[in-house]
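This report concerns only the one structure given below.
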Protein chains: 2
Amino acid sequence: MARMVAERSDAIASLAEVFREHGYEGASLALIGKATGLGKGSLYHFFPNGKEEMVRAVLADIGQWFEDSVYSPLRDEEDADAAIATMLKETTKYFRSGGRVCLVGALAVANTRDLFAQAIRGYFVGWVDALQAALVRQGRDVEQARILSEDAVLAIQGAIVLSRALDDPAVFQRAIDQLHGRLAFDGTALDNSSGNRSF
Amino acid sequence: MARMVAERSDAIASLAEVFREHGYEGASLALIGKATGLGKGSLYHFFPNGKEEMVRAVLADIGQWFEDSVYSPLRDEEDADAAIATMLKETTKYFRSGGRVCLVGALAVANTRDLFAQAIRGYFVGWVDALQAALVRQGRDVEQARILSEDAVLAIQGAIVLSRALDDPAVFQRAIDQLHGRLAFDGTALDNSSGNRSF
DNA sequence: TAAACATTTTACCGAATAGTACAAACTAAC
DNA sequence: GTTAGTTTGTACTATTCGGTAAAATGTTTA
């Protein structure tokens, strides 16, 4: 094997950034080449299927990062509140308080959605499910945990949109603080049985 | 003038749809021509500055619709609760339960954001301010109303993203229902004990 | 060293891109 | 019916697009 100095994985961080900033169609091979420092030949050597394969690699990388840094703690950490706090902290850092776009979210509202539908769905299903698990571990009702976890994930996506639109990171921060309050277990969750039977 | 059948304004609905579906860069003149039924000659006759002017016209049209159908009632309707219910109803219809993307939101997370920054900002500022006014009219604290209205607007944007990602209109609907509960004035708002928890 | 393989450079392709120029066709007013 | 102005079709730029081909260079293994 030749020198492994320039591996496929080395390019992925740059690829992620250029797709985040310019979208799928907006990221031309010229831009990609400039961002990665690789010529077309190298790019097509590492990603024979072109831009589509590059995005898939980026999505896989992003998915792995979230799995390790967010989903896994939410699912497995004993202290559910701590796992949720970690999620909010890591998410804030990752999205740079709304200064950084969520590539998956951006792809979800683009016309290229169908091409990556499975990966996009997996990203969000993983997030919602993991958060739901943590909320249930808090002692919440399964249904309420479902609603609440969907609510939290969409709030983060919306916070990115709004804080970018208003060009104000404080909007993102306030949304995260709101979520902190809404997701923290305050004991009242146990009281509301509202006739739900378990099965 | 020649046949008045084809006026500038007649094309705007089609333009809005094609930009919604394909984004700014993705909407080629070929697609635009097909969607509007106009050739390049006509398009550049009505919009001498090309795609940029088309998007500006679409954004102005969207802004006017929201002003009339949503912001104005929120600001001026005596019954604040009714105005909020109208907002949620009209919004659900407009975005087709998440099946239709918000062009302004999509532009906000695209690289073309800077080009339309003012219009994007105006759209969201108008929304948040109008909703805040309605919430204050309910008797809420100004600060809390601000937080709550930001929270609602970003939730709608996030609901579009998530429901599209999961390809499930029910997600959007649940988010709207949640908002209905959160925005309805239930008297507890005066206690100021909800929301903010220390951590 | 030499063969085997990995990587990169360079030149190239056809198609599609946004935008321009302008003559033809149409419509309304007189 | 003529004229003046509006709208549209067509042909045309110049550039960029994603992608291909293959020779050339580099690296590792034997």
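Excluded from the calculations below are hydrogen atoms, water molecules and symmetry mates; all remaining heavy atoms, backbone and side chain alike, are included. Convention: sequence-line order gives letters A, B, ...; per-chain numbering from 1.
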### Query
Starting at CZ of B/F46 and ending at C1' of D/dT6, how long is that distance when rounded to a whole Å?
9 Å
### Task
Find the distance B/H45:NE2 to C/dA25:P and express it as a whole number of Å.
18 Å
### Task
With the side chain counted from C-beta on, respond yes when B/I84 and B/L135 share a heavy-atom pair under 4.5 Å apart, and no when they do not.
yes
### Message
In this structure, how many angstroms lie between the P atom of D/dT6 and the CZ atom of B/F47, rounded?
### Response
17 Å
### Message
Quick check with a 6.0 Å cut-off and a 45 degree axis cone: is A/R140 positioned over the face of A/F185's six-membered ring?
### Response
no
### Neighbour count above 12 (heavy atom, 6.0 Å) for B/H22 NE2
yes
### Task
Measure distances between side-chain N and O atoms of A/K40 and base N and O atoms of D/dG19, and say whether any donor-acceptor pair falls under 3.5 Å.
yes
### Query
Which of these nucleotides, D/dC17, D/dT20, C/dA18, is closest to any side-chain atom of A/A30?
D/dC17
### Message
Please report the distance, rounded to the nearest Å, between CD in B/E25 and C1' in C/dA18.
### Response
12 Å
### Message
Taking the nucleotide of DNA chain D with the nearest heavy atom to each, does A/E52 or B/G41 sit closer to the 5' end?
### Response
B/G41
### Message
How many whole angstroms separate atom CZ of B/R8 from atom C1' of D/dT7?
### Response
15 Å
### Query
Checking all strands, does A/S42 fall into the base, sugar-phosphate, or nothing category for heavy-atom contacts under 4.0 angstrom?
base
### Query
Given atom CG of A/L38 and atom C1' of C/dT9, what is their separation to the nearest angstrom?
12 Å
### Message
On the nucleotide D/dC17, are OP1 or OP2 found under 4.0 Å from the side-chain N or O atoms that A/S28 carries?
### Response
yes
### Message
Expressed as a whole number of angstroms, how long is the span from B/L43:CG to C/dG19:P?
### Response
11 Å
#### Entry: Minimum side-chain heavy-atom gap A/R20-A/V58 below 4.5 Å
no
